[in-house]
Amino acid sequence: MPPILRIDRISKRFGRLQALADVSLEVSAGEIHAILGENGAGKSTLMHVLSGLYHPDSGAITLNGRTLTLGAPLAARRAGIGMVHQHFTLVEPLTVAENLVLCSPDRPAFRLSPHDAVAHATALAEQAGIDIGDPRAVTATLPVGLRQRVEILKALAGETRILILDEPTAVLTREEVTQLFALLRQLRARDRLVLFITHKLREVTEIADRVTVMRHGRVIATERLAAVNEGQMAELMIGRAAPQRRPRRPLAADAPEVLRLDNVTTARDGGCRLNAVTCAVRAGEIFGVAGVAGNGQQELFEVLAGLRTMGSGRVAIGGTPAALSSPDAAARAGIGPIPPDRHHDGLVLPMTVAENAVLNRNVLAQLRRGPWLPPAAVHAFAAQLVKTYAVQTAGLEAPVASLSGGNQQRLIVGRQLAPQPRVLIAVNPTRGLDIAAAHGVYDALDAYVAGGRAVMLISSDLDEIVDLCHRFAVLYDGTLSAPLTPPVEPEVVGRLMAGAAG
Amino acid sequence: MKDLVLRAVPSIAALAAATAVSAVVIAAAGANPAHAFAALLDGAFGSADSLSETLVKTCPLLLCGLAVALAFQTGMWNIGAEGQLLMGALAAAFAGSRLPLPGALGIPTVMAAAALSGAAWGALAGTLKLRRDVNEVISTIMLNFIALGIVSYLVQGPLMEIGGRYPQTDAVLTGLRLPRLIPSLRVHAGLPVALVACGLLYAMLYYTVVGYEMRAAGLNPIAARLAGIPVARRMFGAIVLSGALAGLAGAIEVMGITFRLYERFSPGYGFTAIAVGLLGRLTPVGVLLAALFFGALEAGSNAMQRDAGVSAVLVSVIQATVVIFLVAAEHGRWLPSRPSTAEEALQ
Amino acid sequence: MNLLSALLSSTVTMAVPLLLAALGELLAERAGVINVGLEGMMLTGAFAAMVTTYFSGSPLLGVLAGVMAGIVLAALFGYTAVQRNANQVVAGVAVNLLAVGLTGVGYRAVFGVTGAALTVNSLKVLPLPLLAQIPIVGSGLFSQTIVGYVAFALVPACAFLIGQTVPGLELRMAGENPHAATAQGVPVARVRLMALLACGALAGLAGADLAVVYARTFVEGMSAGRGFIALAIVIFGRWSPWGILLAALLFGLATALQFHFQALALAIPYQFLLMLPYGVTLIALAISAGRTRAPAALGQPYLHE
């Protein structure tokens, strides 16, 4: 099949981050093409460029020989490109039919009886050959798999030749995945081109004809599935793990367990369900939890921080069972959380640096005199923190929003370390930080465990994990692998991260 | 210091805008703006009497403004200060006309009763919000009307004065009335009470753990929760305390000025307090200044009407312009952006 | 039976302005905007209508003036709450304050400080042939002014607009999920502004009805909280035009009962009747918690990129 889509040397930069660098790709009609890579590989960015949401800095895209106007969603739509995003664009309280009305080019101008809407939706579904069930159903009542089909139908409305799916199986059950794949094969039979973003190896082998592996904004390779095996794909995906740069303090052989999780399981509620997560972290250890984001990291953090209740399982700290019923209880049990999103759950942006420096139950308990919180004590504490962790700020009374990301993170790390929790749970602590700031965080973590405490580092940056941790396990779809001790074959890790049989 | 000045800029700009708009409205009404403003200033500050009136009007505005500021800072949209004030006034009128205690003991007791009454009214909305996720904007507005109805019923019925000539309660016993600060003027002991409340609130918000937690909960309930702050409890506490302050405002009006409760007892203090709170940027010091400003407006407005022929109601235009300007100018970034759901608080 | 007829008549008279304002608020809220300034828009409409009728002698012109006044205030509110993305509740409160001030100043400026209230011509009552002859209900339901008929006609009209048209679909999308709506190409800001202007028009019309039909004069603050009652009616009527009609009639009845109080000789103090709607709304809200069927994005500022 002659290629119909040509992506030619597309580059895109966001501030300091080179999201896409010289990406080129050729795809044909009647093909299911997988885009495989870790977080931050650039897969979504590339697809957003293709669907017109982003305007690339350089490069061109041609479709059937014609140049596509870039950075214009409407142009992409008219050129026949439809994208199904991770976050559905359906309005839940409305019916399926109502959600489909606006997407087609021949929609009515004014009058729209429910009967018409249903007829319209039914015609659309028949034309595309997709079964969406009863168009009169309220969207909120539909199972996720069906909702996704409606989204797909929406994307296919009109003369769509290219369908892009962004991590479509993230929210589906196994059975729904099978149905989705059947649908995709159908589309392929009708000469559509399906671009399928994923980080799951198993699915690539199951459904794709060809695969493009991306890493750090570049295309590493494009291969036919027949020509490559899972191990090779895994290695391409994560590259060679960086050689260990940091000397690691050896763990005492008899170091006691500080944190233990036994069969921790959470309820299924739309996110990722933790499934019998078991691990133990010893004193003086930095224990890593690797994996692509969306595989249960958020849920694991929430359980340990007291924000989410476990369905079953036990957590013990220092040998004693801990009831993590609230963040307050977790703090008292000895857990110090470093949250994944500093603006959203780590800082109160309108407040000052000093006020943010004490945003921690244990710190407040330390500084308070009865009901009083003496500003002098807060000040002294904040000053000490700023000095120790080299937080660059115009002053303690400056709004914390004026600090750079790196300095904000330093502040948070310092604050959470100050009350000396027994175990620190850090999630992506160096996200968005430059090298210097990141190393500052690493130094702080290293120094921390020297005192017999422990750190659980949950990160989607594999290099960071391999570099810093004594041991680590891989979290995939809510299941935690057995611990590995670096150095580890990159192929092994890649497979674990992409869900292949370990 | 510079930071304080920077924070005051939007308020000052809002005042400037309000002055300009009012001048236009006055001119359109056929009067002379300069003349009107002069009369206004004179009525507010021109004599001992005027000054006294300004302070008299400032008292309830200060207390209600503090109530609004505290609630808003903690993320609770308390539009019910008016109703809470009425419930406080009710308690004060009832207890104040019957309590057989000497002043030194009686006055604080009556005030406490009023504060409790207002607090309970606030607690109603708080409970509805945190247990049943009822939007507190709507519930407090509903409760305002219910309070009005209760007052109306009581002053025309069970609590109507002995002798039953007018629909008002019995007079507060002379021993329980708030003494005048200066014999010939109306300004009364409610003023120091309000000032003390202002100081206490300031101390609470900026010097105590609870105050810190309330502020954090209002600005980022999610981060606050992660930090171990009991967000829902603080929000509830805020609206209860808010109700208490408004109830206290009702008490001092009854015990210091009107000595009775009747319908149309409040010229909308609870609503003006919203403008006061916003103009004062939700801080106690700011609220104090804003309350003085609006108190001066209320006091001077009668003079403005009398001497320059401009309706006293113009102050509403000034208030409105101030609020609109403040709220539109900054995309409301320094305000919590919407009534936070119980979910966020209870997560 | 005369009493019943009179009661029905009063109920409908009381209900009309409430119905109009509530329908306007319905449009705004279905689009996702909570308009607390409804009261102020009614008041301004009443003032504009009265002044225009007084000087022109034409009540119809007055009604139109009322509608225009409501639209103007709604435009100001829309600019603040939608364009500038300000806190909707506070902006609404400001609108009320503005209205009180402008109408108060305006009234005295135009008429001076007179003692007696000035009366204006009222709209003619247009009894429907035959229907108005029906005993008991005839004079109550089928003997209205044009505004009354418009109010009732608007109920099915709104139901149709919201449920059976494309603009109505866009309205609902904007109110339930503005992000998804934008992704589907709905111009959320524009939809909300239009809804607000319609709301202002209806609120102004309600005010005009108060001034020109009901009271035949203007008194400062004459809206007397009806705008807030309309807010409660929208909730109580579960954001549906027919539910709102029923709720408006209920509230109208509660208000009308005051006037026939003596004749009815009820044992309940009339204030309780007045408070009843608010109390019932609170209870209804408390009970249906979690199942609240308010538009999901109601009251949330949406940053229009």
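From a predicted model like this one, the values you see are computed outputs, not experimental measurements. A note on names: the letters A, B, ... follow the listed sequences, proteins ahead of strands, and every chain is numbered from 1.
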Self-check item: Identified side-chain contact (heavy atoms from CB on, under 4.5 Å) counterpart of C:Phe77 within the set C:Leu197, C:Val36, C:Leu98, C:Asn35
Solution: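 That would be C:Asn35; it is the only one of C:Leu197, C:Val36, C:Leu98, C:Asn35 passing the side-chain contact (heavy atoms from CB on, under 4.5 Å) with C:Phe77.
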Quiz prompt | Separation of A:Leu195 CG from A:Leu5 CG (nearest 0.5 Å) | solution =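 With rounding to 0.5 Å, CG (A:Leu5) is 6.5 Å from CG (A:Leu195).
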Quiz prompt | Reported CD1-to-CG distance for the pair C:Ile233 and C:Leu26, which is rounded to 0.5 angstrom | solution =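 Taking CD1 in C:Ile233 and CG in C:Leu26, the distance rounds to 11.5 Å.
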Practice problem: Check the pair C:Leu23, C:Leu19 against side-chain contact (heavy atoms from CB on, under 4.5 Å), reporting the backbone distance first and the verdict last. | Solution: CA-CA 6 Å; C:Leu23 285 173; C:Leu19 180 59; 4.1 Å; yes
Practice problem: Write out all pairs satisfying salt bridge (charged side-chain N to carboxylate O under 4.0 Å, His left out) with one or both partners inside residues 145-166 of chain C, taking only residues at least two apart or from two chains. | Solution: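 Passing the test, one end in residues 145-166 of chain C: no pairs.
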Practice problem: Verify the neighbour count for atom CG of C:Leu246: are there more than 12 heavy atoms of other residues, nucleotides or ligands below 6.0 Å? | Solution: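 Yes.
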Could you list every donor-acceptor pair linking chain C to chain A (distance under 3.5 Å, backbone and side chains)?
residue: C:Gln164; atom: O; partner: A:Leu112; partner atom: N; Å: 2.7
residue: C:Gln164; atom: OE1; partner: A:Arg111; partner atom: NH1; Å: 3.2
residue: C:Val166; atom: N; partner: A:Phe110; partner atom: O; Å: 2.7
residue: C:Arg172; atom: NH1; partner: A:Glu98; partner atom: OE2; Å: 2.8
residue: C:Arg172; atom: NH2; partner: A:Glu98; partner atom: OE2; Å: 2.9
residue: C:Gln184; atom: NE2; partner: A:Thr89; partner atom: O; Å: 3.2
residue: C:Gln184; atom: NE2; partner: A:Asn99; partner atom: OD1; Å: 3.4

